[in-house]
Amino acid sequence: MIDPKLIRENIDLVKESLGKRGDAFVNLAKLTDIEGQRRKLIQESERMKSEKNALSNEIAKLKKAGADAAGQIEHLRTIGKDIEEMERRVKAVEKEWEDMTLVIPNIPHDTVPVGTGEEDNTVAKVWGEKPQFDFDPLAHWDIGEKLDILDFKRAAKITGSRFTLYKSYGALLERALINFMLDLHTGEHGYTEVLPPFMVNRETMTGTGQLPKFEEELFKLDGLDYFLIPTAEVPVTNIYADEILREDDLPLKYVAYTPCFRKEAGAHGKDTRGLTRQHQFNKVELVKFTAPETSYDELEGLLLDAEDVLKRLNIHYRVSLLCTGDLGFSSAKTYDIEVWLPGQNIYREISSCSNFENFQARRAKIRYRKQGGKTDFVHTLNGSGLAIGRTVMAVMENYQAKDGGIVVPEALRPYMRGITKIPAAS
RNA sequence: GGAGGGAUGGCUGAGUGGCCGAAAGCGGCGGUCUUGAAAACCGUUGGGCGUUCACGCGCCCCGUGGGUUCGAAUCCUACUCCCUCCGCCA
């Protein structure tokens with residue numbers, strides 16, 4: 001949620017930022033109007049309550065003194081009725097206000113390039129080089145089926161489209177990457193590992209911004225108001241919902257492995273082959289809670305921590321800075337890490353690292369106590385570190401050998417029983 | 001699934017209808033003392049919202065939502081969560 005003060009005091013900034021996102025918010029006038037109404041009604045109702053409290057105290061005193069208070073009691077009775085009516089109006093307006101503010105996206109940071117879509121993103125850095133092959137590199141789905149380590153057909157039989165059955169070295173590679181990343185981030189980057197619930201309630205989903213606007217993207221349990229998480233960001237960021245943290249404890253850094261579940265409702269017919277876009281995929285996620293002053297430095301650090309995974313695997317990638325038009329709903333600034341996939345001849349997003357500033361903290365009520373005792377909202381950040389399925393693709397396509405096998409990146413060997421190569425099909 | 005008990009401020013824990021936003025202790029912060037620290041003593045110490053240039057003033061919050069009452073942390077009710085015992089179970 002953006003700061004309500006902005007709506008009141010700087011509606012032009014809100015208008016401008018929404019414009020930059022290409023997300024024209026037609027009813028800003030109405031929102032300003034509701035905000036005015038809301039405050040007017042609150043003031044009026046508080047005035048009435050104040051009167052009620054004074055009268056109530058008076059009655060208490062009279063009663064204590066053994067005096068008669070029938071007149072005051074009668075008066076209070078009528079005030080009470082008026083207050084009830086006023087409360088109804090306050091609640092109605094506050095509901096309306098909340099419904100509107102919860103669907104307003106975050107304000108982009110000043111350093112975010114203005115643009116309308118993917119094509120306006122800028123390349124922030126490039127690491128490594130495209131590998132050269134003396135044969136035509138295959139896409140991972142071909143490699144996977146040839147080696148019988150990825151089985152898309154049977155997964156479709158078991159469940160449906162956009163699921164994968166990993167087999168043998170495929171399953172081992174997936175598991176190795178999870179462990180490799182968790183060990184790297186906990187052991188060398190200072191993150192604390194958590195293993196959160198994979199389904200969460202509606203409030204939690206609202207806290208990080210998935211709800212109320214994106215319910216059609218989520219798998220919901222039948223008969224329960226629980227949802228399967230689309231990313232570990234949701235349960236992990238909400239660890240401190242409704243809490244006040246100590247300034248000395250910041251920044252707090254967590255890493256979590258979870259599966260992620262997404263409907264991919266708007267992606268019919270897109271990326272239908274291979275591991276690219278699945279209803280269920282694994283991810284190791286990094287989450288930080290920071291003081292507002294340091295959050296942009298922490299974003300750069302988070303990005304480096306995520307990049308480090310690919311560096312150690314020695315896989316070429318570039319980092320793009322998303323423009324205003326491509327920025328996610330809750331984010332103020334996002335870097336995407338795009339990994340090189342020689343089998344498909346494309347760069348593909350493998351991590352998304354964002355600073356949400358206090359947008360999520362405000363929704364989830366995550367605060368910290370500053371020097372001097374005042375409380376303020378923390379800044380929340382997160383980034384994939386990395387998406388496992390897409391890393392599997394990257395390893396398979398970048399490390400494929402002429403004979404059809406896959407060389408195991410050195411960093412991964414300790415996690416794969418020491419083997420140096422996934423052997424070619426016999 | 002059955003039976004019972006509970007939910008109060010950072011923590012422990014009083015409070016069963018009328019200055020209770022809430023005793024007390026611990027913790028935290030400030031001070032006295034001390035070369036410094038500890039101890040002791042004194043003081044201070046919840047959050048949110050509205051209003052105000054500010055001091056301040058007002059409203060709301062005792063798990064959550066309803067209800068009773070002139071008045072609710074206290075009574076009723078539904079829900080949620082936690083604990084104990086029994087059953088079942090990876």
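Lettering of chains follows the sequences in order, A, B, ..., and the numbering in each one begins at 1. The structure presented is a predicted model; accordingly, all values stated were derived computationally and were not measured.
- Annotation: side chain of Val234(A) is in contact with side chain of Gln210(A) (closest heavy-atom distance under 4.5 Å).
- Remark: Lys311(A) NZ is packed, more than 12 non-hydrogen atoms of other residues, nucleotides or ligands lying under 6.0 Å away.
- Base pairing of rA73(B): no nucleotide in any strand meets the Watson-Crick or G-U wobble criterion (both distances under 3.5 Å).
- The side chain of Arg369(A) places an N or O atom within less than 4.0 Å of a non-bridging phosphate oxygen (OP1 or OP2) of rG47(B).
- Contact check, Asn53(A) against rG71(B): no side-chain N or O comes under 4.0 Å of OP1 or OP2.
- With both pairing distances under 3.5 Å, rU44(B) is matched to rG28(B) as a Watson-Crick or G-U wobble pair.
- For the pair Lys49(A) and rG71(B), the criterion of a side-chain N or O lying under 4.0 Å from OP1 or OP2 is not met.
- Both distances falling under 3.5 Å, in either a Watson-Crick or a G-U wobble arrangement, place rC49(B) opposite rG58(B).
- As rounded to the nearest Å, rU8(B) and rG13(B) have C1' atoms that lie 9 Å from one another.
- Under 4.0 angstrom from either OP1 or OP2 of rG50(B) there lies no side-chain N or O belonging to Gln43(A).
- Scanning all heavy atoms of the two residues, the minimum distance from Asn106(A) to Ile2(A) falls at CA-CG2, 4.1 Å.
- In the set rG58(B), rG18(B), rC70(B), the nucleotide with an atom closest to the side chain of Arg77(A) is rC70(B).
- Taking the side chain of Arg39(A) as heavy atoms from C-beta on, and the options rG71(B), rG47(B), rG50(B), the nearest nucleotide is rG50(B).
- Remark: the separation of the P atoms in rG9(B) and rA22(B) is 14 Å, to the nearest Å.
- Side-chain N/O atoms of Asn57(A) include none lying less than 4.0 angstrom from OP1 or OP2 on rC70(B).
- The side chain of Thr375(A) lies closest to rG47(B), out of rC49(B), rG47(B), rC70(B).
- The salt bridge (charged side-chain N to carboxylate O under 4.0 Å, His left out) test applied to Glu298(A) returns Lys288(A), not counting sequence neighbours.
- Within residues 242-250 of chain A, no residue places a heavy atom under 4.0 Å from RNA chain B.
- Contact check on Arg246(A) versus Asp249(A) returns a salt bridge, with a Lys/Arg side-chain nitrogen under 4.0 Å from an Asp/Glu carboxylate oxygen.
- Ion pairing of Arg312(A) with Glu188(A) is present here, as a side-chain N (NZ or NE/NH1/NH2) and a carboxylate O approach within less than 4.0 Å.
- Within the shown strands, rA3(B) is the pairing partner of rU84(B) under the Watson-Crick or G-U definition, both distances less than 3.5 Å.
- Salt bridge status for Arg348(A) with Asp271(A): present, with a side-chain N to carboxylate O gap under 4.0 Å.
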B/S/- along nucleotides 72-83 of chain B (protein heavy atoms under 4.0 Å) is ------------
